[in-house]
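Take a look at the structure below.
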Amino acid sequence: TENEKYYFLTQDTIGYVDQGLTLCPGSTGPFHVNNGIDMGYKCENWRYNNTGMEALAYANGFVYVHRGNQIQKRNFSTAAIVATAPIPGGAFTSVFLGGNNMENSGIDIDDCGNVYVGSKSQVVKYDANLVQLATFPTTFNVYDVQVSTGGQIIAAGSTGNSGSGSR
């Protein structure tokens, strides 16, 4: 981020570490709190070979978290949720043996501060306050979203599930 911090999101934690990766005098260590999402350790029917997800972005002092069916705007310093909005067509399901699965992912922020997130059938555009501005349909589950400096949206994803021969 612009303040020399690396933000991270794990199954149950959100936080950041300083870019120096060492403790400074008087420092108590990396900042981390419970993320309230409780992600499972395995994500069936998601990306090929269950690769990582794109669910975290930073802009203008805020951290945005993609939770499958919800986009969250969080205070940078405390990770407290300051705003949320539903992701149309997004999915967040409880799984066997605990935890939750996100069935779609992808997040990017353009030069104007607009937030783009993937769902199971589209890319959804919000302003910085999470007011929905537009949708862009796809024929696949979106797992990765990038917005070019020229404003073009690139969405990647797949069809099928872990039992499909090809996706």
Side-chain angles (χ1 to χ4, degrees), residues 1-24 26-43 46-47 51-95 98-120 122-136 141-147 149 153-157:
T1 62
E2 62 195 27
N3 57 8
E4 303 174 349
K5 304 280 191 272
Y6 291 102
Y7 235 86
F8 61 87
L9 177 69
T10 68
Q11 279 99 352
D12 61 358
T13 304
I14 188 169
Y16 59 83
V17 295
D18 185 84
Q19 76 172 3
L21 303 177
T22 59
L23 295 179
C24 297
S27 174
T28 58
F31 169 79
H32 58 91
V33 295
N34 187 298
N35 64 28
I37 299 172
D38 188 28
M39 289 184 278
Y41 285 94
K42 186 175 181 190
C43 197
W46 200 54
R47 281 181 150 174
T51 59
M53 62 186 174
E54 185 187 29
L56 194 62
Y58 168 84
N60 302 317
F62 293 95
V63 175
Y64 294 85
V65 176
H66 188 310
R67 197 195 82 155
N69 65 345
Q70 179 185 79
I71 180 71
Q72 300 174 343
K73 180 178 182 179
R74 292 178 178 244
N75 175 289
F76 179 89
S77 298
T78 66
I81 297 172
V82 297
T84 64
I87 298 174
F92 182 74
T93 56
S94 181
V95 295
N100 298 294
N101 282 348
M102 298 166 36
E103 296 183 26
N104 48 280
S105 189
I107 184 169
D108 199 15
I109 301 174
D110 69 15
D111 294 339
C112 298
N114 296 310
V115 181
Y116 297 76
V117 298
S119 83
K120 292 185 74 167
Q122 62 195 338
V123 174
V124 184
K125 178 182 178 181
Y126 301 89
D127 69 10
N129 295 315
L130 302 185
V131 174
Q132 185 178 325
L133 302 175
T135 59
F136 306 94
N141 294 344
V142 178
Y143 299 118
D144 193 359
V145 175
Q146 294 295 307
V147 180
T149 55
I153 301 169
I154 303 163

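Looking at heavy atoms from C-beta onward, Ile107 lies out of side-chain contact with Leu56 at the 4.5 angstrom threshold. Residues Ile87 and Arg67 form no side-chain contact, since every pair of their non-hydrogen atoms from C-beta on lies 4.5 Å or further apart. Between Leu9 and Tyr7 the shortest side-chain heavy-atom distance does not fall below 4.5 Å. Looking at heavy atoms from C-beta onward, Val65 lies in side-chain contact with Ile37 at the 4.5 angstrom threshold. When side chains are defined from C-beta on, Asn100 does not count as touching Met102, because their heavy atoms never get closer than 4.5 Å. For the pair Val131/Tyr126, no side-chain contact is recorded, criterion being any heavy-atom separation below 4.5 Å from C-beta on. Contact check for Tyr64 versus Ile71: side-chain heavy atoms found under the 4.5 Å cut-off. The shortest distance between side-chain heavy atoms of Asp127 and Gln132 does not fall below 4.5 Å.
Once rounded to the nearest 0.5 Å, the distance linking OH of Tyr16 with NE2 of His32 reads 11.0 Å. Remark: Asn129 CG to Phe62 CZ distance equals 8.0 Å, nearest 0.5 Å. Here OH of Tyr143 is found 4.0 Å from CG of Asn141. Values are rounded to the nearest 0.5 Å.
Listed by chain and number, the residues in a side chain to side chain contact (heavy atoms under 4.5 Å, CB included) with Pro86 amount to none (sequence neighbours excluded). In this structure, Thr135 has no side chain to side chain donor-acceptor pair (under 3.5 Å) partners at least two apart in sequence or on a different chain. Judged as a side chain to side chain contact (heavy atoms under 4.5 Å, CB included), and not counting sequence neighbours, the contacts of Tyr58 are Thr1, Glu2, Val63, Phe76. Among residues two or more places apart in sequence or in another chain, the side chain to side chain donor-acceptor pair (under 3.5 Å) test is passed with Asn35 by none. With sequence neighbours excluded, the residues that form a side chain to side chain contact (heavy atoms under 4.5 Å, CB included) with Thr78 are Asn75, Ala80. The side chain to side chain donor-acceptor pair (under 3.5 Å) test applied to Asn114 returns Asp110, not counting sequence neighbours. Remark: Lys73 pairs with no residue by the salt bridge (Lys or Arg N to Asp or Glu O under 4.0 Å) rule, at least two apart or across chains. Residues passing the side chain to side chain contact (heavy atoms under 4.5 Å, CB included) test with Ile81 are Gln72, Arg74, Thr84, sequence neighbours excluded. The side chain to side chain donor-acceptor pair (under 3.5 Å) test applied to Lys125 returns no partner, not counting sequence neighbours.
Between Ala91 and Lys120, the shortest heavy-atom contact is CB-CD, 3.6 Å. Ser119 and Gly90 make their closest contact through CB-N, 3.8 Å (heavy atoms, listed as atom of the first residue, atom of the second, distance).
Distance alone, capped at 3.5 Å, is enough to place a donor-acceptor pair between the His66 side chain and the Gly118 backbone. For Asp108 (side chain) and Val147 (main-chain N/O), a donor-acceptor pair under 3.5 Å exists by modelled atom type. In this structure, Asn101 contributes its side chain and Glu103 its backbone to no donor-acceptor pair below 3.5 Å. For the pair Gln122 (side chain) and Pro88 (backbone), a donor-acceptor distance under 3.5 Å is present.
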